[in-house]
Amino acid sequence: MAEVLVLVDHVDGAVRKPTLELLTLARRIGDPVAVALGAGAGATAAVLGEHGAVRVLTADAPEFADYLVVPKVDALQAAFEAVSPVAVLLVSSAEGKEIAARLALRVGSGIITDATGLEAGDQGVVATQAAFAASFTTKSRVSRGVPVITVKPNSAPVEPAAAAGTVESLSVSFGEAATGTKVTSRTPRESTGRPELTEAAIVVSGGRGVNGAENFPLIEALADSLGAAVGASRAAVDAGWYPHTSQVGQTGKSVSPQLYIASGISGAIQHRAGMQTSKTIVAINKDAEAPIFELVDYGVVGDLFAVVPQLTEEINTRKG
């Protein structure tokens, strides 16, 4: 069966959930071959094998940590040449998209970003995407070369499927450009104890209607009751009420959770572009004419300062 390259997103050997989702999608079009790079790469094999990877190509070198994305592109190109895959899959993160674009340019292939589904077609791999701020769903395939595809987190379930997971060493020769941009320092991000925004199964976001940074604890309390990530609209971020790293929208992060709760968010196209592919959308807004109600599954017309605390209390009561 044809093989599909999957670039592994991991931290010191701990495989992140979006990679396991990629393996589920990869099995729909071929046999997954995982590529794990950097410190702890070898430790990923057991988990990857449990989720369908027939082989795990590993490489570790200082370049992966000391420099930006080019060393990973060099390694993925080496894997591409060794495997001759029918597709290359990466997570749709800022880094994943840059690696994908660079690889596609090097191997003369087309690229598809932010896919939400994959299937094998008569003329190659077909990707499902959301277009025009998720107002339309499209089916796409590349017309030249092997498709390089980035997939949005939460686009597929994590489905265990035991496979060999045979570990093989990947030989990588770094080009001159690999050491062109050096990482000089790192500042660890402070942990909130909440899920990563782009990977979370549930996201609770606040917007202009929250009316101040001092009121965002209402949003956080609801999120914590659900084990959710916290997001914010551009208006809330621009006002300085919440960090830019939590912005959901066209100029922020794109999310696709199982449940998205929008509180005090009008539903401008900029925000909709970042969350409209969510599986279930709930909106809380006192303006019954707010655009957000055009796309929701459930809408509550009411004051968020009354609705959100009651909802949080009810959830906590049921959990108790």
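These values consider heavy atoms only, across backbone and side chains, with no hydrogens, waters or symmetry-generated copies. In this chain, residues are counted from 1 in sequence order.
The hydrophobic cluster containing Val86 does not contain Val88, counting ILVMFWY residues as joined when their side-chain heavy atoms lie under 4.5 angstrom apart, directly or transitively. Follow the hydrophobic side-chain contacts under 4.5 Å out from Val73 and you never reach Leu105; the two are in separate clusters. Hydrophobic clustering, with ILVMFWY side chains joined whenever heavy atoms are under 4.5 angstrom apart, keeps Val8 apart from Ile99. In terms of hydrophobic clustering, with Ile, Leu, Val, Met, Phe, Trp and Tyr side chains grouped at heavy-atom distances under 4.5 Å, Val47 and Val4 are assigned to a common cluster. A continuous path of hydrophobic side-chain contacts links Val148 to Val35 [ILVMFWY only; heavy atoms under 4.5 Å].
With salt bridges taken as basic N to acidic carboxylate O contacts below 4.0 Å, none links Lys17 and Glu196. By the 4.0 Å N-to-carboxylate-O rule, Arg106 lies close enough to Asp74 to be salt-bridged with it. One finds a salt bridge joining Lys97 and Asp114 here, because a Lys/Arg side-chain nitrogen approaches an Asp/Glu carboxylate oxygen to under 4.0 Å.
Listed for the Arg27 side chain is a donor-acceptor partner under 3.5 Å among the backbone atoms of His51. Between the side chain of Ser109 and the backbone N or O of Val146, at least one donor-acceptor pair lies under 3.5 Å. Using a distance-only test at 3.5 Å, with no hydrogens or angles considered, no donor-acceptor pair links the side chain of Ser246 to the main chain of Ala232. Asn154 contributes a side-chain N or O that, together with a main-chain N or O of Glu199, makes up a donor-acceptor pair within less than 3.5 Å. At least one donor-acceptor pair under 3.5 Å links the side chain of Asn215 to the backbone N or O of Val210. With hydrogens and angles disregarded, a donor-acceptor distance shorter than 3.5 Å links the side chain of Gln129 to the backbone of Thr113. Thr24 contributes a side-chain N or O that, together with a main-chain N or O of Glu159, makes up a donor-acceptor pair within less than 3.5 Å.
Just one of Ser256, Ser93, Ser254 meets the side chain to side chain donor-acceptor pair (under 3.5 Å) condition when paired with Lys152; it is Ser254.
Here the OG1-CG distance, from Thr312 to Asp224, works out to 9.0 Å after rounding to the nearest 0.5 Å. For the atom pair Lys72 NZ and Leu37 CG, the distance stands at 7.0 Å (nearest 0.5 Å). Within the model, atoms CD of Glu119 and CZ of Arg28 stand 9.0 Å from one another, a figure rounded to the nearest 0.5 Å. Residue Glu220 holds its CD atom at 3.5 Å from OH of Tyr242, rounded to the nearest 0.5 Å. If you take CD on Gln276 and CZ on Phe136, they are separated by 10.5 Å, rounding to the nearest 0.5 Å. The distance from the CD atom of Gln258 to the CD1 atom of Ile202 is 9.0 Å, given to the nearest 0.5 Å.
Other cluster members for Val248: Leu197, Val203, Val255, Tyr260, Ile265, Met275, Ile281, Ile292, Phe293, Leu295, Val296, Val301, joined by side-chain heavy-atom distances under 4.5 Å among Ile, Leu, Val, Met, Phe, Trp and Tyr.
For the pair Thr19/His10, no side-chain contact is recorded, criterion being any heavy-atom separation below 4.5 Å from C-beta on. Side-chain contact between Thr128 and Lys139 is present, with at least one heavy-atom pair separated by less than 4.5 Å. Taking the side chain as every heavy atom from C-beta outward, Ile149 and Val142 never approach each other to under 4.5 Å. Here the side chains of Val69 and Arg102 are in contact, with some heavy-atom distance below 4.5 Å. At a threshold of 4.5 Å between non-hydrogen side-chain atoms, the residues Leu89 and Leu23 do not count as touching. Between Leu222 and Ile315, the closest side-chain pair of non-hydrogen atoms falls below 4.5 Å. At a threshold of 4.5 Å between non-hydrogen side-chain atoms, the residues Val33 and Val54 count as touching. Using a 4.5 Å heavy-atom cutoff, the side chains of Thr280 and Tyr298 are in contact.
Here the closest heavy-atom approach between residue Ala59 and residue Leu170 is recorded as CB-O, 3.7 Å. Closest of all the heavy-atom pairs between Pro291 and Gly267 is CB-O, 3.7 Å. Taking both residues in full, the closest heavy atoms of Ala223 and Val230 are given as CB-CG2, 3.5 Å, listed atom of the first, atom of the second, then distance. The two atoms that bring Gly227 and Pro195 nearest to each other are O-CG, 3.4 Å, heavy atoms only. Closest of all the heavy-atom pairs between Gly206 and Phe216 is O-CZ, 3.7 Å. When all heavy atoms of Ala34 and Leu48 are compared, the closest pair comes out as CB-CD1, 3.8 Å.
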Q: Start with the C-alpha distance between Leu90 and Leu103, add both sets of side-chain angles, then the distance that settles side chain to side chain contact (heavy atoms under 4.5 Å, CB included), and finish with yes or no.
A: CA-CA 11 Å; Leu90 305 90; Leu103 178 68; 5.6 Å; no
**Q.** Test log, rule side chain to side chain contact (heavy atoms under 4.5 Å, CB included), inputs Val125 and Arg141
**A.** CA-CA 6 Å; Val125 178; Arg141 65 177 178 83; over 6 Å; no
Q: Show the numbers, then the answer: is there a side chain to side chain contact (heavy atoms under 4.5 Å, CB included) between Leu218 and Phe305?
A: CA-CA 8 Å; Leu218 286 175; Phe305 294 102; 3.4 Å; yes
**Q.** Criterion side chain to side chain contact (heavy atoms under 4.5 Å, CB included) on Leu226 and Ile261, from CA distance to verdict
**A.** CA-CA 11 Å; Leu226 293 166; Ile261 301 178; 3.7 Å; yes
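When only modelled atom types and interatomic distance are considered, Gln270 and Thr251 share a side-chain donor-acceptor pair under 3.5 Å. Checking Gln77 against Glu81 by side-chain atom types alone, a donor-acceptor pair falls below 3.5 Å.
Counting non-hydrogen atoms of other residues, nucleotides and ligands closer than 6.0 Å to CD of Glu214 gives a total above 12. Heavy-atom neighbours of Arg208 CZ from other residues, nucleotides or ligands within 6.0 Å: at or below the threshold of 12.
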